[in-house]
Amino acid sequence: MPPAGWTPWRRLDLACGLSSGALAEQMDGGQAFRWSQQSPGEWTGVFGRHVARVRSAGEKVEWSGLSGDSAAESALLIYLDVAGEQARLAEALPWRSDAVLRAAMSAHPGLRILRQDPSDALLGFLCSSNKRISQIRVMVASLARELGPPVGAGHHALPGWGELARADDRTLRACALGYRADYVRGTARLLARRPDWAAEWSRLETPALLERLRSLPGVGPKVAACVALFGFGRLECFPVDTWIVQALSAAYGLKGWNAVRLEEFGRVHFGAAAGLAQQHLFAAARAGLLPGLPVRKARAPRPKSRG
DNA sequence: ATGGACCCTTGAT
DNA sequence: ATCAAGGGTCCA
């Protein structure tokens with residue numbers, strides 16, 4: 001590996017524009033947990049085995065990689081859906097008749113679902129339960145630093161399932177995983193013995209894929225939906241998290257609905273690109289842009305006190 | 001189908 | 001110091 005410097009900035013030929021706010025949401029909004037903002041509008045991170053810097057330039061995006069990594073560009077084109085396949089899918093969303101969705105989509109024009117490596121997505125969301133995005137980033141960064149292979153410029157890729165299966169509990173706990181260490185180790189032990197799991201599972205229909213994912217320890221309905229969406233490109237998946245519960249409850253009047261019902265609502269109402277709609281609603285909800293949602297400043301008041 | 005525990009970190013009293 | 005809550009999952 002040559003002593004890697006950064007290549008000059010190059011502009012991506014985006015088929016569909018990507019606003020700076022949408023890019024920020026993509027890199028920082030909880031789809032992936034491996035990017036960090038260096039300066040306003042500029043991120044550095046690792047995707048798969050590649051290191052890249054990306055920055056917003058009007059409606060376009062510019063990027064720079066490591067000079068030794070000739071495969072980075074083609075990988076990045078896929079990762080960011082530069083061809084604009086998702087923009088065409090978005091046309092099928094019911095934004096013409098759904099004012100809430102229309103408002104959410106106009107808040108982050110061009111927002112994409114990052115097309116991540118399946119293992120990267122799975123590991124990230126195994127760490128996600130009961131955690132905030134900023135904390136999840138710290139966890140996966142620690143895992144990469146402690147157990148992952150170096151990929152240049154001081155960065156590490158995420159460890160494979162074999163490395164994770166062999167890691168002792170102390171190491172995992174030192175990465176601030178807490179009880180999620182059992183999830184990661186349990187899943188790693190299952191997947192380490194089937195290296196082709198992602199290729200095999202990618203041939204499954206989405207319901208069967210979700211079922212397989214849910215058979216892994218630490219993977220419930222929400223994490224399975226996120227891995228299918230972000231790791232396997234199943235745009236029809238509709239992860240129901242606390243933000244979406246709030247958003248649908250307030251903006252669509254679905255008060256008191258449980259996650260199962262809300263997931264079905266999302267799938268039926270939004271259709272083939274439900275996951276894209278979910279990201280728009282999620283982003284708008286977090287930004288305090290959805291009707292009926294409190295502006296996110298103070299945290300929610302505590303329901304009751306116990307003595 | 002609903003409720004509580006779960007490990008640990010962070011931000012607010 | 002103490003307390004609540006955090007892109008949930010698992011087990012009663």
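Numbers restart at 1 for each chain; the letters A, B, ... are given by sequence-line order, proteins then strands.
C/dA12 and B/dC7 have their P atoms separated by 15 Å, given to the nearest Å. C/dG7 and B/dA1 have their C1' atoms separated by 23 Å, given to the nearest Å. Comparing the C1' positions of B/dG4 and C/dA4 gives a spacing of 16 Å, expressed to the nearest Å.
When rounded to the nearest whole Å, the span between CZ of A/Arg286 and C1' of C/dG7 equals 9 Å. Whole-Å rounding puts the A/Leu172 CG to B/dC8 P distance at 12 Å. Whole-Å rounding puts the A/Lys131 NZ to B/dG11 C1' distance at 13 Å. With rounding to whole Å, A/Trp243 atom CH2 is found 11 Å from C/dG8 atom P. Spacing between atom CZ of A/Arg132 and atom C1' of B/dT9 amounts to 9 Å, rounded to whole angstrom units. Straight-line distance from the CG atom of A/Leu210 to the C1' atom of C/dG8: 16 Å, rounded to whole Å. Rounded to whole angstrom, the span from the CD1 atom of A/Ile136 across to the P atom of B/dC8 amounts to 17 Å. Taking atom CG of residue A/Leu177 and atom P of nucleotide B/dC8, one finds them 10 Å apart after rounding to whole Å.
DNA chain C lies under 4.0 Å from at least one heavy atom of each of the following residues of residues 179-190 of chain A: A/Tyr179, A/Tyr183. Near DNA chain C, meaning a heavy atom under 4.0 Å away, there are no residues from residues 100-116 of chain A. Contacts between residues 213-241 of chain A and DNA chain C, defined by a heavy-atom separation under 4.0 Å, are made by A/Leu216, A/Pro217, A/Gly218, A/Val219, A/Gly220, A/Pro221, A/Lys222, A/Val223, A/Asp241.
Every residue meeting the side-chain hydrogen bond (donor to acceptor under 3.5 Å, both in side chains) condition with A/Arg10, not counting sequence neighbours, appears here in chain and number order: A/Thr7. Taking the side chain to side chain contact (heavy atoms under 4.5 Å, CB included) definition, one finds that A/Leu204 meets it with A/Trp201, A/Ala208, A/Leu209, A/Arg212, sequence neighbours left out. Contacts of A/Arg49 classified as side chain to side chain contact (heavy atoms under 4.5 Å, CB included), with partners at least two apart in sequence or in another chain: A/Pro149, A/Val151, A/Ala157. Scored by the side-chain hydrogen bond (donor to acceptor under 3.5 Å, both in side chains) test, A/His50 finds A/Asp69 as partners (sequence neighbours excluded). The side chain to side chain contact (heavy atoms under 4.5 Å, CB included) check on A/Arg88 picks up A/Glu85, with sequence neighbours excluded.
Under the 4.5 Å side-chain criterion, counting only non-hydrogen atoms from C-beta, A/Tyr252 is not in contact with A/Leu290.
With respect to A/Arg203 and A/Glu200, no salt bridge is recorded, no charged nitrogen being found less than 4.0 Å from a carboxylate O.
Stacking between A/Phe282 and C/dG7 is present: the aromatic ring centre lies within less than 5.5 angstrom of the base six-membered ring centre, and the two planes differ by under 30 degrees.
Looking at the side chain of A/Asn258, the nearest of the listed nucleotides C/dG7, B/dC7, B/dT2 is B/dT2. Closest to the side chain of A/Phe33, from the set C/dG7, B/dT9, C/dG8, is C/dG7. The nucleotide whose nearest atom lies closest to any side-chain atom of A/Ala176 is, among B/dT2, C/dG7, B/dT9, B/dT9.
Residue A/Asn130 is the one, among A/Asn130 and A/Ser134, whose nearest nucleotide of DNA chain B lies closer to the 5' end (criterion: closest heavy atom).
Between the side chains of A/Thr44 and A/Arg53, no donor-acceptor pair is found at a separation under 3.5 Å. When only modelled atom types and interatomic distance are considered, A/Tyr179 and A/Ser129 share a side-chain donor-acceptor pair under 3.5 Å.
For the strand DNA chain B, secondary-structure stems (runs of at least three Watson-Crick or G-U pairs, all distances below 3.5 Å) span B:2-6 with C:8-12, B:8-13 with C:1-6.
Residue pairs that meet the ring pair (Phe, Tyr, Trp, His ring centres under 6.0 Å) test with at least one member in residues 116-149 of chain A, sequence neighbours left out, are A/Phe33-A/Phe125, A/Phe125-A/Phe230. Within the structure, side-chain hydrogen bond (donor to acceptor under 3.5 Å, both in side chains) pairs that include any residue of residues 216-240 of chain A comprise A/Thr206-A/Arg234, A/Thr206-A/Glu236 (at least two apart or interchain). For residues 101-123 of chain A, the side-chain hydrogen bond (donor to acceptor under 3.5 Å, both in side chains) pairs, not counting sequence neighbours, are A/Ser119-A/Trp161.
The phosphate of C/dG8 has OP1 or OP2 within less than 4.0 Å of a side-chain N or O from A/Thr242.
Because its NZ or CZ atom is not both nearer than 6.0 Å to the ring centre of A/Trp63 and within 45° of the ring axis, A/Arg55 does not count as a cation-pi partner of that residue.
More than 12 heavy-atom neighbours from other residues, nucleotides or ligands sit within 6.0 angstrom of CG on A/Asp168.
Distance alone, capped at 3.5 Å, places no donor-acceptor pair between the A/His155 side chain and the A/Val51 backbone.
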